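If you're wondering where the values come from, they're calculated on a predicted model, not measured in any experiment. The residues of the chain are indexed from 1 along the displayed sequence. All values below come from the heavy atoms of this structure, side chains included, with hydrogens, waters and symmetry mates left out.
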Amino acid sequence: MDNRVPPRAAGPGPRRRDRHGRGMRGPIAPPQVPLAASRAEEFADLVQDSVERLERRWPQLADIDFLVLDVPRPEGRPGDAWSDDAVPLGGTAPAQDGRPARVVVYRRPVEIRTKGRDERAALVHEVVVEQVAELLGLTPETVDPRYGED
């Protein structure tokens, strides 16, 4: 007598669960739930919120590119040692060669200096205000009258 189990017939799709009811399942949360957003996406949303707040007062900000990078690049030639200066939280690049001006916010240095979402949002806004002020040649208080308030 042959005790072998016949192979399972190929079904219309991949096998989703093993014989114990475990195995591949759906996502933990639907995409519209904040749990599904990565830290980088949440940080980019904070920057975008800050920019939208400032654009109401300064419509010319629509011509500026706002970027989020993980960490700043070391200045100088490859092989140069890191300087002892503090790590920047943001930076600017003026418009040149047909490219618009840029404001960059560095995600990891900002995240390291904050503990919660509210504190992170406040620091992101301060960094954006400072960089926009530098780019426009104004003081941060002129760009946002509430700058520096807690």
- Looking at A101 and L135, what are the two nearest heavy atoms and their distance? CB-CD2, 3.6 Å
- State, to 0.1 Å, how close V87 and P109 come at their nearest heavy-atom pair, and which atoms those are. CG1-CG, 3.7 Å
- Taking C-beta and beyond as the side chain, do V103 and D65 meet within less than 4.5 Å on heavy atoms? no
- Stepwise salt bridge (charged side-chain N to carboxylate O under 4.0 Å, His left out) check, R108 with E111: CA-CA 5 Å; R108 292 296 296 145; E111 285 179 339; 2.9 Å; yes
- For R120 and V110, what are the C-alpha separation, side-chain angles and deciding distance, and is it a side-chain contact (heavy atoms from CB on, under 4.5 Å)? CA-CA 7 Å; R120 188 171 304 120; V110 170; 4.3 Å; yes
- Message: Could you check whether any side-chain N or O of D97 sits under 3.5 Å from a backbone N or O of R99, counting only pairs where one atom can act as donor and the other as acceptor?
- Response: no
- Separation between CD1 (I64) and CD (Q131), nearest 0.5 Å, reads 11.0 Å
- Item | Interatomic spacing from CD in E55 to OG in S50 - rounded to 0.5 Å | 10.0 Å
- Query: What distance do R107 atom CZ and I112 atom CD1 have between them, rounded to the nearest 0.5 Å?
  - Reply: 9.5 Å
- Here the pair of heavy atoms bringing E119 nearest to T114 is OE2-CA, 3.6 Å
- Between L123 and V104, is there a shared hydrophobic cluster once you connect ILVMFWY residues whose side-chain heavy atoms come closer than 4.5 Å? no
- Excluding sequence neighbours, so at least two apart, what forms side chain to side chain contact (heavy atoms under 4.5 Å, CB included) with T142? W58, L138, T139
- Query: Do the non-hydrogen side-chain atoms of L89 and V105 ever get within less than 4.5 Å of each other?
  - Reply: no
- Message: Would you say that H125 contacts L46 through its side chain, given a criterion of any heavy-atom pair below 4.5 Å between the two side chains?
- Response: no
- Item | For the student: nearest non-hydrogen atoms of Y106 and G91, plus distance | CE1-N, 4.2 Å
- Query: Under the criterion salt bridge (Lys or Arg N to Asp or Glu O under 4.0 Å), which of R56, R53, R57 is the partner of D144?
  - Reply: R53
- Item | Closest approach of V129 to Y147 (non-hydrogen atoms, all atoms of both residues) | CG1-CD1, 3.7 Å
- Task: Give a yes or no on whether the backbone of S38 and the side-chain of E41 come within a donor-acceptor separation of less than 3.5 Å.
- Result: yes
- Message: Any heavy-atom pair between the side chains of R146 and E141 that's under 4.5 Å?
- Response: no
